[in-house]
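Accompanying notes for the structure given below.
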There are 2 protein chains.
Amino acid sequence: MAASVARHLALAPAASMPELAAAAGISRATLFRRFPSRAALVAELCQAAAEAFVRAVQDAAPDDGSPVQALERVVEGLGRLAAVVGLLGLQPLQEHVEAALLEQTAATEESLRRLVRRGQESGDFRVEVDPEWVLTMLTWLMVGAADGVRLGRLTTAAAQTHLAATLTATLHRRP
Amino acid sequence: MAASVARHLALAPAASMPELAAAAGISRATLFRRFPSRAALVAELCQAAAEAFVRAVQDAAPDDGSPVQALERVVEGLGRLAAVVGLLGLQPLQEHVEAALLEQTAATEESLRRLVRRGQESGDFRVEVDPEWVLTMLTWLMVGAADGVRLGRLTTAAAQTHLAATLTATLHRRP
DNA sequence: TACGAGTGAGACGCTCGCGTCTCAAATCAG
DNA sequence: CTGATTTGAGACGCGAGCGTCTCACTCGTA
């Protein structure tokens with residue numbers, strides 16, 4: 001049920017509680033029993049998305065093996081995530097919620113920066129690419145992938161492939 | 001004045017009319033004299049942004065010269081635009097407004113697709129990159145660039161550079 | 001059958017932001 | 001200086017969405 005709410009909230013970021021309840025096939029009352037307030041609902045779903053993000057990166061073990069392969073694993077995992085959580089990134093958040101999410105993902109983001117720097121030092125990645133830009137790309141291309149699917153411009157699979165290809169092309173250095 | 005409203009609306013997509021008025025340094029009454037409703041305000045600013053987008057692409061003459069140089073011009077122009085209109089892309093729109101914007105930019109988007117295909121046929125661009133993905137990238141990396149600047153992760157100039165570099169790296173084919 | 005937990009339907013009050021209006025102050029043109 | 005236009009300040013009604021509450025219904029379980 002939280003899943004269907006999340007899905008509809010992603011498609012319609014400004015959806016009202018009645019709307020979300022209808023989308024989940026439950027009554028408004030039940031929705032309020034599960035989530036004490038709209039803010040709590042949004043916060044909880046975004047927390048879950050952040051956790052999924054953290055887990056996906058951890059599972060990809062960005063610190064292990066060659067930077068090239070590590071990047072591939074990371075991007076593959078996040079590509080799969082994009083379809084699920086991508087458009088939640090558009091949710092307008094209260095300041096403290098946004099801060100909490102940033103806090104929650106800080107270590108993970110740092111591990112991604114580390115991966116980029118590691119690849120740059122090993123000579124696999126272009127040195128002129130700012131790790132911050134890589135994070136920005138990852139975040140917003142996930143959103144973009146989800147949005148492309150929403151608009152019917154891309155299939156999930158195609159979006160995932162292109163996301164990975166873009167990251168690879170941007171980072172990889174070729175002599 | 002419309003400019004300061006747009007700027008603040010971009011930073012705070014859910015800003016209220018009083019908030020926007022304060023940000024523009026005018027009274028609520030005056031804001032309502034200028035924009036008959038909040039919806040009209042959002043629509044007008046997004047229209048303006050769409051026009052700027054169309055103009056930027058036209059000015060870059062995507063159909064002229066070598067695809068590589070044409071892409072460079074396009075990306076340079078849009079990179080400059082990103083700082084101004086980027087975060088407006090996050091604005092929740094009424095359906096018919098979104099449709100109108102898509103209509104308004106359809107021809108321009110088509111000219112960008114044409115550019116991509118032209119480059120692919122000439123052998124300059126990778127053939128496995130979907131033109132739709134290029135549009136998606138452009139859109140969301142512009143948003144990302146603006147957001148990176150907002151979060152203090154990137155400078156405007158750096159964002160612009162990286163945006164261009166990413167598009168180039170993704171599209172260019174190297175033997 | 002009887003009981004209890006969970007659900008749906010709907011009424012209710014409340015807050016908040018929208019949009020309108022009025023009037024006084026300020027600005028500007030002649 | 002005078003009249004006209006614009007602006008700001010604030011009151012006001014309105015509607016929408018939130019969150020609470022009650023009550024009847026429906027299950028699963030004993």
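So that the names make sense, note that chain A is the first sequence line, chain B the second, and so on, each numbered from 1. Small disclaimer: the values here were computed from a predicted structure and weren't measured.
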Rounded to whole Å, the CZ-P distance (B:Arg38 to D:dA16) equals 17 Å
Per the under-4.0 Å heavy-atom filter, residues of residues 7-31 of chain A near DNA chain C come out as A:Gly25, A:Ile26, A:Ser27, A:Arg28, A:Ala29, A:Thr30
Heavy-atom side-chain contact between A:His172 and A:Arg126 under 4.5 Å: no
If you take atom types as modelled and just measure distance, does the side chain of A:Arg33 reach the base of C:dG8 with a donor-acceptor pair under 3.5 Å? yes
*Do any N or O atoms from the side chain of B:Gln120 and from the backbone of B:Val129 form a donor-acceptor pair under 3.5 angstrom?*
yes
Practice task
State, yes or no, whether a side-chain contact exists between B:Arg34 and B:Glu44 at a heavy-atom distance under 4.5 Å.
Solution key: yes
- Just by distance, with hydrogens left out, do B:Thr30 and B:Ser27 show a side-chain donor and acceptor under 3.5 Å apart? yes
*Is the closest side-chain donor-acceptor distance between A:Trp133 and B:Thr166 under 3.5 Å?*
yes
